[in-house]
Amino acid sequence: MIPEHAPFSPDQRQALNGLLAGFDPSQRWWLGGFLSASSGTPAVAAAPASKTPLTVLYGTESGNSEALAAQTVKAAKKKGFKAVLKNMADCQPVDLEKVENLLVIVSTWGEGDPPEAAEEFYKSLMESEADFSKVKFSVCALGDTSYERFCETGKQVDARLEKLGGQRIAPRVDCDVDYEELSDQWVEAAFKALAPEPVAAAPVAFAAPAVAGVEYGKKKPFPSELLDKVLLNGEGSMKETWHYEFSLEGSGLVYQPGDALAVVAKNAPDMVEGILSAAKLTGNEEVVLKGGETKVLADALREDLEITVLSKAILKKLLAVAPSDKLQALLGDESKEELKSYLWGRWIADAVRDFAPNGLKADELVSIFRKMPPRLYSIASSPLAHPDEVHLTIASVRYEFDGQPRKGVASTYLADLVEKGGEVELFVQPNKNFRLPASDETPIIMVGPGTGVAPFRSFVEHRGESGSNGGSWLIFGDQRYSYDFLYQLEWQDHLASGALSKLDVAFSRDQPEKVYVQDKMREKAAELYQWLQKGAHFYVCGDASRMAHDVHEALLDIVEQEGGMSREEATEYVAQLKKEKRYQRDVY
């Protein structure tokens, strides 16, 4: 096939690909067509062979499902399938009734929820009576074993497709954050099931030209220099929020406002020492990691493995190497609440001490861990304002459990272990579900308390650099004005320049009654609704457990009140905002 980067228009590339699909190696090229190998006369190209149709459907939160789906489509085309890519956000279950072959890749967000952009499709599928009896399907579920309802969305979609009559052609796979190997096996199994015989006349593939230098990304993170780090909270604050600036010079990495940056962290020395002590090991032992690499245990614990986050999946692995009646009982169906209580606040080292008091062998210890997953943070800078740089806004996670200090792995890795001039491995994670409007003239309303303000710093910088005339309204909240007004001077500069049109703030601890961002929304209900009626896009970033829900409820109240609607009508109005991508959330 003609590579996508070749200097041809889409129509030219399509025509050439059609011609090449009928190419026979026994023939020779001439400018107008083929020369017959035997006669040297022009030969008519054979018609392209019929291809097996394939639809790859995805639902994504952080972008992993979308990236995997795109890779699957690309691989399918190389195999000779006529493959198309569909987003759950852009279709309904009834649209898929006539699909012959369907591969579904969907992630689970939080405690068993579907991705934000796939909520409507998921709900419709669960309620649908569509006829999938002619659909052959398979599901790849992405999730995180640190959550109790691991891969729940994928499991539900898989079961529902079967109930609606679909024919499962390859078993569902449930992938953890390190999903590449298992998803590759799923793709190959699905392709084989859909085309057990060799696929007819796969197109001839041209080798892409070699690219100079190294291509950085998830498989090879970029070793970035930390250019600067600044503590944003004032003395006396209860919080520890840092502003980090990283160099992208020479990386080839690009990003847009709304994207995330993945940080590949390392475990702190005290974390490593804690797990070694619990397992009664020295750290000098040699271990073989998944993939075959041999390493000194202490180095593997520091650089390669997630050694703190405790989950049910980890406890099951611990039970396999250290049988325990007590742990067996804790994992039983009748002990769900007891298990939930046990998991809260504890680290893996605590479980090893509790259930493997005699310690573990080095290979047994390594077997219970998963690969260290990268941590995703909303980018807090515009590439227009800071060429060859990317900025983050991160709150250091620190707390106590049972009198012992505990901390977040990545947030304190950056705060405690990396100094200015140090090196951090990172890559860009696109987020197509959190984007500025296509037109700079479109007004935007941004609700971002605490570190949720990060992407809105990026938005406002970008609009300032591009000379936008669209209105920009930021609603920011935190604990105290004197200590926690993140980027205060910058917002004042943006107000003066016009890049930011309006700023409302809510500092919850500065008065006897708590005031939050949703309260500020209600105070300005009439104006907020007017902005929406004028076509404004509404954005929310920050805490998913409470804030995002409270903001959503406030938005419904405002639409109902100011629009003179019933609750049902207001709900439909807000749902339509989501469909039009005018209501976008980046919550965690």
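Only a predicted model underlies this, so the values are computations on that prediction, with no experimental measurement involved.
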Which residues share a ring-ring contact (aromatic ring centres under 6.0 Å, His included) with Tyr481, sequence neighbours left out =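 Once residues adjacent in sequence are excluded, the partners of Tyr481 under the ring-ring contact (aromatic ring centres under 6.0 Å, His included) criterion are Phe485, Phe507.
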Salt-bridge criterion met for [X] and [Y] (N-O under 4.0 Å):
| X | Y | result |
| --- | --- | --- |
| Asp504 | Lys502 | yes |
| Arg172 | Asp174 | yes |
| Glu148 | Lys340 | no |
| Glu180 | Lys218 | yes |
| Lys432 | Glu66 | yes |
| Glu162 | Lys136 | no |
| Glu527 | Lys534 | no |

Excluding sequence neighbours, so at least two apart, what forms side-chain contact (heavy atoms from CB on, under 4.5 Å) with Ser566?
->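 Counting only residues at least two positions away or on another chain, Ser566 forms a side-chain contact (heavy atoms from CB on, under 4.5 Å) with Glu568, Glu569.
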Could you tell me which residues satisfy side-chain contact (heavy atoms from CB on, under 4.5 Å) with Asp388, sequence neighbours excluded, listed by chain and number?
->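 Expected list: Glu249.
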Quick one: sort the [X] and [Y] rings into parallel, tilted or perpendicular, breaks at 30° and 60°.
| X | Y | value |
| --- | --- | --- |
| His386 | His391 | tilted |
| His494 | Trp491 | tilted |
| Phe434 | Phe456 | tilted |

Crowding at OH, Tyr529 (>12 non-hydrogen neighbours, <6.0 Å) |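 Buried by this count: over 12 neighbours within 6.0 Å.
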Whether over 12 other heavy atoms sit under 6.0 Å from Arg546 CZ = no
Please walk me through it: do Arg435 and Asp259 pass salt bridge (Lys or Arg N to Asp or Glu O under 4.0 Å)?
-> CA-CA 8 Å; Arg435 286 279 187 260; Asp259 286 342; 2.7 Å; yes
Quick one: does Asp478's side chain have a donor or acceptor within less than 3.5 Å of a partner on Arg480's backbone?
->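 Such a contact is absent between Asp478 side chain and Arg480 backbone.
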Quick one: does Ser472's side chain have a donor or acceptor within less than 3.5 Å of a partner on Leu500's backbone?
-> no
If every non-hydrogen atom of [X] is compared with every non-hydrogen atom of [Y], which pair is closest and at what distance?
| X | Y | result |
| --- | --- | --- |
| Gly258 | Phe459 | N-CE1, 3.7 Å |
| Pro221 | Val264 | CG-CG2, 3.9 Å |
| Cys140 | Leu68 | SG-CD2, 4.2 Å |
| Cys541 | Ser378 | SG-OG, 4.1 Å |

Answer with yes or no after comparing the ring centroid distance for Tyr583 and His552 against a 6.0 Å cut-off, counting only values under it.
-> yes
Partner of Trp473 under ring-ring contact (aromatic ring centres under 6.0 Å, His included), chosen from Phe538, Trp531, Tyr539 |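 That would be Trp531.
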Would you mind writing out the side-chain donor-acceptor pairs for residues 512-522 within the sub-3.5 Å range, not counting sequence neighbours?
unit_1	atom_1	unit_2	atom_2	d
Asp519	OD2	Tyr516	N	2.8
Arg522	NH2	Asp557	OD2	2.6

Result of checking Glu389, His462, Gln256, Arg457 against Ser382 for side-chain hydrogen bond (donor to acceptor under 3.5 Å, both in side chains) = His462
Are Arg346 and Tyr342 in a cation-pi contact, defined as NZ or CZ under 6.0 Å from the six-membered ring centre and within 45° of the axis?
-> yes
Applying salt bridge (charged side-chain N to carboxylate O under 4.0 Å, His left out), name anything that partners Lys578, two or more places apart in sequence or on another chain.
->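 Per chain and number, Lys578 pairs via salt bridge (charged side-chain N to carboxylate O under 4.0 Å, His left out) with Glu116, Glu119.
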Distance-only donor-acceptor pairs under 3.5 Å for side chains of residues 229-238, two or more places apart:
unit_1	atom_1	unit_2	atom_2	d
Lys229	NZ	Leu414	O	2.9
Lys229	NZ	Ala415	O	3.0
Lys229	NZ	Val418	O	2.8
Asn233	OD1	Thr241	N	2.5
Asn233	OD1	Thr241	OG1	3.0
Asn233	ND2	Asp484	OD1	2.9
Ser237	OG	Lys239	N	2.9
Ser237	OG	Asp484	OD1	2.5

